[in-house]
Amino acid sequence: MTASIDRASVGLRSERGPVLGALMLSTGLIAIDATILATAVPSIVRDLGSYEQFPWLFSVYLLAQAVSVPIYSRFADTVGRKPIILLGIGLFLLGSLLSGFAGSMTALIVFRIVQGLGAGAVAPISMTIVGDIYTVAERAKVQGYIASVWAISSVVGPALGGIFAQLDAWRWIFWINIPLCLIAAWMLLRRYHEQKQTQQHRIDYAGAALLTVGLTGLILGMLEGGNAWDWISWPSAVCFGLGAAALVVFALVERRAAEPIVDLRLAARPLILTTTVVSLGIGALMTGVTSFAPAYLEGSIGIAPLLSGLAVAALTLGWPLAAANAGRLYLRIGFRRTALTGLGITTAAAVALAAVSPWPNPFAIAGVAFVLGFGLGWSAAPTLIAAQASVGWGERGAVTGMNAFARSVGSALGVAVFGAISNAVIARGAGSDDPATIVNASFWVFVAAAVVAVLTLAAAFFMPRDPAGAADTPGRRRDPGSVSVGT
């Protein structure tokens, strides 16, 4: 096979098209959920009250998603992809249904945890299935289809959220997921037929429990430290102490487990380690900028939330545009050079963001955000596919999950660290109502983002060089007998 692939062979009208369509729909559930809720928060608070609790709607979802990704990914390598992604879709459907009927903010927060547990399976397993049924060269085309989902969702999500909020019908933000979940599950049940490895497996329950406790403690401490409680306080000590202790015990248990939830030996491989670190940085940059740039524009020059959201939406448009075309580049110059090119663009944009931030302007922020997203799109896709292509069926779920897990943890850490910087500057200034203080706090947040971009670029330099013909060697072809599609 050559790098020249007929688009029809990987398109929606091909033999594998129905499976690709189901994966696109499943990815769309997660992509829309990432943007649809924020615009409806005032309407939700007006109905359910408890304004001080609404940040938990986002933090518990992110937490549940992060801690569940590596667990689902390991199970996908033992019991198969199909049951795990169907479980994820089912949990996301259940969480959406219950969220729509929530009668209090506390109930809604609990139901968002269920949604997050579903998202933790859907997102990484979708990409794992893509890695199973398409070769590396074909994935260069398929990535364009997946990227289009994120591009459409970046526009549709905020628009739908705003419409439902305007109509005082915020519950439909969740209920709209129900028919989409049912269609995606039906398509996978009908057209995706997996021939997984037939052997007995030992489920690492101890490792799963320890990993959940450890990550919950650390991520919850990072998310809520300085917000729900002080950094130096008993809640922080309990979160970080319990989390660290659980992870230490987890590492010891995993060394002796027959089939560990997280195979720590994977991290000893230079390619897996470097791509995981890059994914960590990408998560921090993506969530950090999109979380703080709107507040920066609104607090400094007082523009409407819709306009500030549109300015930052340029980032989520630049990302899929680049990801859709990244395949053509890495098939020509390799994964490492493509990732370095993308992260070079990302670093330049992050530095520019810090440079222009003393003079708030939505057009300048939109332009820089678009370039930043473009660079991230040229970085995220090749690093993930490089990691997937380096392993076989039995490890691909774990590798994909490790990449997705790193991005989720990076998102949580990015929000926490950037938030701590912002809060510290505001505390020394004239308060959150002072535009000059907001500008100063945002400047230092964006400087920190630029530092993260530089460190991520440095990590990419340590990626092993691509072997000759990496995109088209027999070892990178679809695993024989691993999956079939059809009626």
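- Going from atom CD1 of Ile84 over to atom CD1 of Ile71 covers 11.0 Å, rounded to the nearest 0.5 Å.
- Qualifying side chain to side chain contact (heavy atoms under 4.5 Å, CB included) partners for Ala206, counting only residues two or more places apart in sequence or in other chains: Asp204, Val253.
- Scored by the ring pair (Phe, Tyr, Trp, His ring centres under 6.0 Å) test, Phe461 finds no partners at all (sequence neighbours excluded).
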Give the table of side-chain donor-acceptor pairs shorter than 3.5 Å for residues 374-389, with sequence neighbours excluded, one pair per line with atom names and distance.
residue : atom : partner : partner atom : Å
Trp378  : NE1  : Ala322  : O            : 3.4
Ser379  : OG   : Leu343  : N            : 3.2
Ser379  : OG   : Gly375  : O            : 2.7
Thr383  : OG1  : Ser379  : O            : 2.8
Thr383  : OG1  : Ala380  : O            : 3.0
Gln388  : OE1  : Arg139  : NH1          : 3.0
Gln388  : NE2  : Met127  : O            : 3.0
Gln388  : NE2  : Thr400  : OG1          : 3.0

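- Panel note: side chain Arg190, backbone Pro18; no donor-acceptor pair is recorded below 3.5 Å.
- Under the rule for a ring pair (Phe, Tyr, Trp, His ring centres under 6.0 Å), Trp186 has no partner lying at least two apart in sequence or in another chain.
- Arg112 pairs by the side chain to side chain donor-acceptor pair (under 3.5 Å) definition with Asp33, Gln115, not counting sequence neighbours.
- Contact of the Ser279 side chain with the Asn403 side chain is registered, since non-hydrogen atoms from C-beta on lie closer than 4.5 Å.
- Here the straight-line distance linking atom OG1 of Thr275 with atom CG of Leu280 works out to 11.5 Å at 0.5 Å rounding.
- In this structure, Tyr72 contributes its side chain and Leu117 its backbone to a donor-acceptor pair below 3.5 Å.
- To the nearest 0.5 Å, atoms CG (Leu87) and CZ (Phe75) are separated by 10.0 Å.
- Judged by distance alone, with hydrogens and angles left aside, the side-chain atoms of Lys82 form no donor-acceptor pair with the main-chain N or O of His193 at under 3.5 Å.
- Inter-residue side-chain proximity for Thr338 and Ile333 is flagged as met; some heavy-atom pair is nearer than 4.5 Å.
- Phe462 contributes atom CZ, which lies 14.5 Å from atom CG of Leu271 (distance to the nearest 0.5 angstrom).
- By the neighbour-count criterion of 12 heavy atoms within 6.0 Å, atom CH2 of Trp172 is sparsely surrounded, having that number or fewer from other residues, nucleotides or ligands.
- Partners of Arg269 under the salt bridge (Lys or Arg N to Asp or Glu O under 4.0 Å) rule, at least two apart in sequence or in another chain, are Glu395.
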